[in-house]
*Asks:* 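Take a look at the following structure, please.
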Amino acid sequence: MNFMDSKQPESGLLGPESDSQRTLYPYVTGTSVVALKYKDGILMAADMGGSYGSTLRYKSVERMKPIGKHSLLGASGEISDFQEILRFLDELILYDNMWDDGNSLGPKEVHNYLTRVMYNRRNKFNPLWNSLVLGGVKNGQKYLGTVSMIGVNFEDNHVATGFGNHLARPILRQEWHENLSFEDGVKLLEKCMRVLLYRDRSAVNKLQIAKITEEGMTISQPYSLKTHWELSAFQNPTQGAVGSW
């Protein structure tokens, strides 16, 4: 009998959905997103690296997107799942606009929607492999929140995902204050991103900073930070290490 010619039954134990596959393991991922409230609105920063496993394969991945009129979304984690989330949000904003009632979804409503989406997918054991940051301004009220891939969420004056949660948040806790100017807020974010560049192997020195206020939102052109690699530990990292060359 030629096993290559034998036909398998179309309906097996897995049913007709067996050919439909989802992201069960992250492949192309982005690293930290850092955001904070400043005097006039919200500032958010993310680099543009996309890692294929442990290889920094892509250097121009945009991970911050405007959502409707009042919100800005940043994501770390699986890039394809982030694109799926953006598709969900496009449908949500379109449906909201179809009412044409003079109202529009604010950042709090979008954040609540994202928490439900992430928790729903977690309960199906088919999570979206992202940590999200959602910030915005509506009616003079600044809003900043985050949600993890299993639906854990909170609001704060500054948030970070990935390694930023460990390396950037201590800096933000020490230096953030309510009356930060735009210039000081950008400097603070750049300080956090520089620390992440030095310490996070998935970070790349090409970043964007986004600003959202009552007047609207802007996302900067990509740029690089000034760095200093002349420290002796950087020049000869294996000196004195046991078993090194």
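The basis for the numbers below is simple: all heavy atoms, side chains too, and nothing from hydrogens, waters or symmetry mates. Quick caveat, the model's predicted, so the values are computed rather than measured.
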*Asks:* Decide yes or no for Y198 and H228: does some side-chain heavy atom of the first lie under 4.5 Å from some side-chain heavy atom of the second?
*Replies:*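 Yes. Closest side-chain heavy atoms under 4.5 Å.
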*Asks:* With a 4.5 Å limit on heavy-atom distance, are the side chains of L114 and L73 in contact?
*Replies:*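 Counting from C-beta outward, L114 and L73 do come under 4.5 Å.
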*Asks:* Charged N to carboxylate O under 4.0 angstrom, E91 versus R87?
*Replies:*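 R87 and E91: salt-bridged.
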*Asks:* After noting the C-alpha distance and the side-chain angles of M118 and N130, does the key distance pass the side-chain contact (heavy atoms from CB on, under 4.5 Å) rule?
*Replies:* CA-CA 9 Å; M118 303 301 276; N130 297 103; 4.2 Å; yes
*Asks:* Mind listing the closest non-hydrogen atom pair of S71 and M217 along with its distance?
*Replies:*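 Taking S71 first and M217 second, the nearest heavy atoms are O-CE, 3.2 Å.
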*Asks:* With a 3.5 Å distance limit and no angle check, can you tell me whether S131 reaches the backbone of S76 through a side-chain donor-acceptor pair?
*Replies:*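 No, the answer is negative, given that no donor and acceptor are paired below the 3.5 Å cut-off.
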*Asks:* Do R173 and H158 pass the side-chain contact (heavy atoms from CB on, under 4.5 Å) test, and can you show the C-alpha distance, the side-chain angles, and the key distance before you say yes or no?
*Replies:* CA-CA 8 Å; R173 290 189 186 105; H158 46 76; 3.8 Å; yes
*Asks:* Hey, does the side chain of Y58 reach the backbone of Y52 with a donor-acceptor pair shorter than 3.5 angstrom?
*Replies:*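 Absent.
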*Asks:* Nearest 0.5 angstrom please: N112 CG to L134 CG, how far?
*Replies:*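 The CG atom of L134 is 9.5 Å from CG of N112, to the nearest 0.5 Å.
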*Asks:* Check this for me: does any side-chain nitrogen of one of D156 and R169 sit under 4.0 Å from a carboxylate oxygen of the other?
*Replies:*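 A salt bridge is present here (some side-chain N lies under 4.0 Å from a carboxylate O).
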*Asks:* Looking at every heavy atom in both N165 and A160, which two are closest together, and how far apart are they?
*Replies:*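 In terms of heavy atoms, the two residues are closest at OD1-O, 3.4 Å.
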*Asks:* Below 30° counts as parallel, above 60° as perpendicular, anything between as tilted: where do the rings of W129 and Y25 land?
*Replies:*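 Geometry flag for Y25 against W129: tilted rings.
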*Asks:* Does R121 use its side chain to pair, donor to acceptor, with the backbone of N126 at less than 3.5 Å?
*Replies:*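 Confirmed, R121 side chain pairs with N126 backbone.
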*Asks:* Check for a donor-acceptor pair, side chain of E78 on one end and backbone N or O of P26 on the other, with a separation under 3.5 Å.
*Replies:*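 No, because the side chain of E78 does not come within donor-acceptor range (under 3.5 Å) of the backbone of P26.
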*Asks:* Quick check: do L180 and L43 have side-chain heavy atoms less than 4.5 Å from each other?
*Replies:*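 Side chain of L180 against side chain of L43, heavy atoms only: no contact under 4.5 Å found.
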*Asks:* Do side-chain atoms of T213 reach the backbone of E215 as a donor and acceptor pair under 3.5 angstrom?
*Replies:*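 Side chain of T213 to backbone of E215: a pair is present.
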*Asks:* Is W99 atom CH2 crowded by more than 12 heavy atoms from other residues, nucleotides or ligands, each under 6.0 Å away?
*Replies:*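 Atom CH2 in W99 is not crowded, with 12 or fewer foreign heavy atoms closer than 6.0 Å.
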*Asks:* To the nearest 0.5 Å, what is the distance between OH on Y113 and CD1 on I93?
*Replies:*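 Taking OH in Y113 and CD1 in I93, the distance rounds to 9.5 Å.
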*Asks:* If only atom types and distance count, is the side chain of H111 paired as donor or acceptor with the main-chain N or O of T146 below 3.5 Å?
*Replies:*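 A pair under 3.5 Å: yes.
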*Asks:* Do S32 side-chain atoms and T161 backbone N/O form a donor-acceptor pair below 3.5 Å?
*Replies:*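 Looks like yes, one N/O pair under 3.5 Å.
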*Asks:* Mind checking whether Y223 and E190 have side chains closer than 4.5 Å, heavy atoms only?
*Replies:*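 Side chain of Y223 against side chain of E190, heavy atoms only: contact under 4.5 Å found.
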*Asks:* Would you say E155 has more than 12 foreign heavy atoms packed within less than 6.0 Å of its CD?
*Replies:*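 More than 12 heavy atoms, drawn from other residues, nucleotides or ligands, come within 6.0 Å of this atom.
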*Asks:* Do other residues, nucleotides or ligands put more than 12 heavy atoms under 6.0 Å from F163 CZ?
*Replies:*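 It does not: F163 CZ has 12 such atoms or fewer within range.
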*Asks:* Hey, does P66 have a side-chain heavy atom less than 4.5 Å from the side chain of I212?
*Replies:*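 Of all side-chain heavy-atom pairs linking P66 with I212, none is under 4.5 Å.
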*Asks:* State whether the side chain of D47 and the backbone N or O of V204 hold a donor-acceptor pair below 3.5 Å, judged by distance alone.
*Replies:*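 Yes: the side chain of D47 pairs with the backbone of V204.
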*Asks:* Answer yes or no: does atom NZ of K69 have more than 12 heavy-atom neighbours from other residues, nucleotides or ligands under 6.0 Å?
*Replies:*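 Not more than 12 within 6.0 Å, no.
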*Asks:* Looking at every non-hydrogen atom in both residues, tell me the closest pair between L196 and A203 and how far apart they are.
*Replies:*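 Residues L196 and A203, closest heavy atoms: O-CB, 3.7 Å.
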*Asks:* Roughly how far apart are L92 CG and I85 CD1, rounded to 0.5 Å?
*Replies:*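 These two atoms lie 13.0 Å from each other.
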*Asks:* Quick one, C192 and L172 - any side-chain contact, counting heavy atoms below 4.5 Å?
*Replies:*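 When only atoms from C-beta onward are counted, L172 and C192 do touch, with a gap below 4.5 Å.
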*Asks:* Take R122 and Y119 through the test side-chain contact (heavy atoms from CB on, under 4.5 Å) and record every step on the way to the result.
*Replies:* CA-CA 5 Å; R122 175 261 189 196; Y119 186 63; 4.1 Å; yes
*Asks:* Looking only at heavy atoms, what is the nearest atom pair of V137 and P107, with distance?
*Replies:*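 Smallest heavy-atom distance, with atoms named: N-CG, 4.1 Å.
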*Asks:* About how many Å separate CD1 of I42 and CG of N157, when rounded to the nearest 0.5 Å?
*Replies:*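 Answer rounded to 0.5 Å: 9.0 Å.
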*Asks:* Any chance you could lay out the side-chain contact (heavy atoms from CB on, under 4.5 Å) test for K191 and E175, step after step, and finish with the verdict?
*Replies:* CA-CA 11 Å; K191 182 176 183 179; E175 300 188 18; 2.4 Å; yes
*Asks:* Let me confirm one number: the CE-CD distance from M193 to Q208, rounded to the nearest 0.5 Å.
*Replies:*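 CD of Q208 is found 10.5 Å from CE of M193.
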*Asks:* Counting N and O atoms only, with roles assigned by atom type, does the side chain of R63 sit under 3.5 Å from a partner on the main chain of A75, one being a donor and the other an acceptor?
*Replies:*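 Side chain of R63 to backbone of A75, a donor-acceptor pair under 3.5 Å: yes, one is there.
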*Asks:* Compare every heavy atom of K37 with every heavy atom of K142, then report the nearest pair and how far apart it is.
*Replies:*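 Closest heavy-atom pair between K142 and K37: O-NZ, 3.7 Å.
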*Asks:* How close do A210 and L72 get, counting heavy atoms only, and between which atoms?
*Replies:*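 That would be CB-CD2, 3.4 Å.
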*Asks:* Verify, without hydrogens or angle tests, whether N205 (side chain) and L225 (backbone) share a donor-acceptor contact under 3.5 angstrom.
*Replies:*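 Answer holds: yes.
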*Asks:* Does one side chain, of Y143 or E109, offer a donor that lies under 3.5 Å from an acceptor on the other?
*Replies:*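 Y143 vs E109: no donor-acceptor pair found between side chains.
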*Asks:* L128 versus F88: any side-chain heavy-atom pair under 4.5 Å?
*Replies:*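 Yes, at least one pair of side-chain atoms sits under 4.5 Å.
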*Asks:* If you round to the nearest 0.5 Å, how far is CG of N179 from CG of D40?
*Replies:*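 Answer rounded to 0.5 Å: 10.0 Å.
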*Asks:* Mind checking whether Y38 and W176 have ring centres under 6.0 Å apart?
*Replies:*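 Y38 vs W176: aromatic centres not under 6.0 Å.
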